Protein chains: 2
Amino acid sequence: MSFKTTATIASFGGKLLKLTHTSSTLSCDMALNLYLPPSAESSTQKIPVLFYLAGLTCTGDNGAEKGFFQKRASEKGIAIVYPDTSPPPPRVYKETGLEIGIGIEIAVENEKKSKLTKNRRTRHRRPRRILRLRHGAGFYINATRAPWSSNYKMESYITSELPTQLFASFPSLDSTRQSITGHSMGGHGALTLFLKNPGLYKSVSAFAPISNPVNCPWGQKAFAGYLGEDKDSWKAHDASELLKGYKGKAPFETLIDVGTGDNFYKQGQLLPENFVAAAKESGNEKGVVVRYQDGYDHSYFFISTFSTDHVNHAAKHLFA
Amino acid sequence: MSFKTTATIASFGGKLLKLTHTSSTLSCDMALNLYLPPSAESSTQKIPVLFYLAGLTCTGDNGAEKGFFQKRASEKGIAIVYPDTSPPPPRVYKETGLEIGIGIEIAVENEKKSKLTKNRRTRHRRPRRILRLRHGAGFYINATRAPWSSNYKMESYITSELPTQLFASFPSLDSTRQSITGHSMGGHGALTLFLKNPGLYKSVSAFAPISNPVNCPWGQKAFAGYLGEDKDSWKAHDASELLKGYKGKAPFETLIDVGTGDNFYKQGQLLPENFVAAAKESGNEKGVVVRYQDGYDHSYFFISTFSTDHVNHAAKHLFA
C-alpha cells in the first residue's frame, strides 16, 4: 500500500516525484508523477491537490513534462497528481484477439494525430507495437464486460484507491481539498468523475474533452468494448448525459478550452457543443465556460498555453 | 535556399513553425523549429531573434516542447530558433567503423543520463540504434579531420548559413538583433560562438554548459575525433580558453545556470568553475553571473524552471 519513489526531480522550486505502487483495483503496478510545491515542505498547513488526467495513448509523463502546470502550482501551493491512463490490457485480449477493434481504431487515430502535428519523434507515446496499443485507453470507467472487467477499473482507481494511498503516504496532502482536470479522454474523465461524485472534488476543468462519448466514434468504440452493446448503460459515463441529471452543488461550474484547429474537434470526437446544450437544458449554462481558442490544435502546445488558467480555476475553488 | 513549413502550431499567442530546408554547408536536409511571437504579425518593426542550441543526442524539438521559452518570448516579442544538433554522420563512418569511440562514449553517457532521471520513455532522443547514435553530437564546431570534415560544420551552419536563409525567408526577423543561448553541449556552443564572433550576437547565456571541453571527457573525445590529436587546436573551441583572449565589447556579460544535483556537473563534464576562473584571469568576472541552483539536475525540468530568466537576459540586450 505504499509508494516507491524512483526519482526526485527539482522543478519550479518544488519536487516532482516519480512514483510506482501496487494497485489491487487494477491488479498491477502503476507509475505516476506527483508534483509537490515548495509549500508542501514549508507550510504547516496541508496543501490541496489537483488531479490531471491524460488522454488516449498518453501516460502520466506528458502533462508533467509538457503541460507546464508546475509553475503556477508552485506559486499557488497546489500539488498535482499525474496518473497513468490504464493498466496493461488483460492477457486474454492478446490470446483471443477479442476487442481488437478498439486497438485498431486508436492506432489509426493515433497515426492521424501524429501526422497532424508532424511531431511524432518527440511525442510521449507508447511504442506503436500491437501489444502496447491497448494501453492508454482506460476511459476512466469500470469495465463490466469480459475480459476488460477483470482489471480495467480506472474509475475506482482514480476516485478511490489512488487518493486513499496518496493521502496515507503523503500527510502534507489535504484529502478534503481535491480538484480535477484533464485532456481529451482525460477531460471526459475529469467531467464525468466530478459529476458522478458530488462533493468529492472542489472544481473541474478540461482541455478538449470528449464531451459526449455516446455520440462520437471513440466513445462508442470504447463503451461497446468495455460495457457491451446496451447503449443505455453508456449514458452513466457521458458528461453531457450526466450534466442533465446533475444534483450537486449549484451552480455547476467548469472551464473548458477547445482549439478551433483541433482535428479531433473537427471530426466530431469532442462535441463540446453538446455539453453546452446539456448545460442549457439543465439550467447550468451560467457556470459552463467554454472557450474556443483560435487556431489551437490538440497537442501539448495547446495545453501549455492555457494550463495556467486551469490551475487558477482550481485554486479559486480549492482556496475558497 | 528556402524553407518548407511542415506544420504550423499555435503556442502562447504566436506560431511554432516546423521547418525543413537544404543545407549546402552540411550537405543534407535539416529540420528546425521557429517560434514567431504574436508581434511578428502585428508589429511594423522587425523582431529580434534568440537561438537556442540543444545538447548531446537532442534535436530542435526538445527546447520547443519542454523548455518553456515561448511564454516569455511571446510577451517580449522575440522569435526563437531551435536548430538540430548535427547533420547525419558521414557514410564512411559506418563503413569503416572510424571514430566509433565517440559514438560509444555518448551512448554510455546517454544511458547514464536516462537512468539518472528514470524518464527514458518520454525523453526526446533519437532511437538508441547504432547508426543514429552519432547523430546529435556536432559540438558546434567545423570538423577538420576526415571523415567528419566532409559535412560536420555546425559552426558555419549556426553562425552563417542558417541565419542567412532565415533572414532571407522571414522578413519580419531582424538580422541586426540576434542573441544565443543553449544547454550542455549547446551551452558550449552558445558561449564559444559568441566569443568567436564579436558583434554577431547581442547577448549570450547558457544552461549547464560544457564550459571547458579541453579538460573534460566529452570534449576531449569529440575534439580528438573532429579535430585530431593536436590539443593546441582544441583551445580555439573552448569557452574558458576563448574568454581569456576576449576582445569584444566590454564588459563580457553572461548568465549561466548550473544545477547542483546535475550528475554531469558532479562528474566534471561541465566545469563552470574553470569558466569563472578564466573570467577572473581576463578581468571579466563582473559580467559573468553563474547561479548554482540547489538540487536541480540536467533535464528540461531544470531548463523550464529558469528559461524565463534567460529570455529576460536576452531581451535586456536585444531591446537595449
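These figures come from a predicted structure and were not determined experimentally. By convention in this document, chain letters (A, B, ...) are assigned in the order of the sequence lines, proteins followed by strands, and residues within each chain are numbered from 1.
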Engaged part of A/Gln70 at the chain B interface, taking heavy atoms whose separation is under 4.5 Å: side chain
Value rounded to 0.5 Å, distance of NE2 in B/His298 from CD1 in A/Ile9: 13.5 Å
Distance in Å, A/Leu16 CG paired with B/Ser299 OG, rounded so as to fall on 0.5 Å steps: 9.0 Å
For chain B, the option from A/Gly295, A/Ser304, A/Gly259 that forms the most heavy-atom pairs under 4.5 Å: A/Ser304
Exceeds 12 heavy-atom contacts within 6.0 angstrom, atom NZ of A/Lys4: no
Student check: side-chain heavy atoms of A/Ser11 and B/Phe302 closer than 4.5 Å: no
Set of residues satisfying side chain to side chain contact (heavy atoms under 4.5 Å, CB included) with respect to B/Thr308, sequence neighbours excluded: B/Arg72, B/Asn312
Nearest-0.5 Å distance that lies between atom NZ in B/Lys71 and atom CZ in A/Phe68: 7.5 Å
Side chain A/Tyr300, main chain B/Lys66, donor-acceptor under 3.5 Å: no
Spatial distance of atom OH (B/Tyr296) from atom CZ (A/Phe12) [nearest 0.5 Å]: 8.0 Å
ring-ring contact (aromatic ring centres under 6.0 Å, His included) against A/Phe51, all qualifying residues, sequence neighbours excluded: none
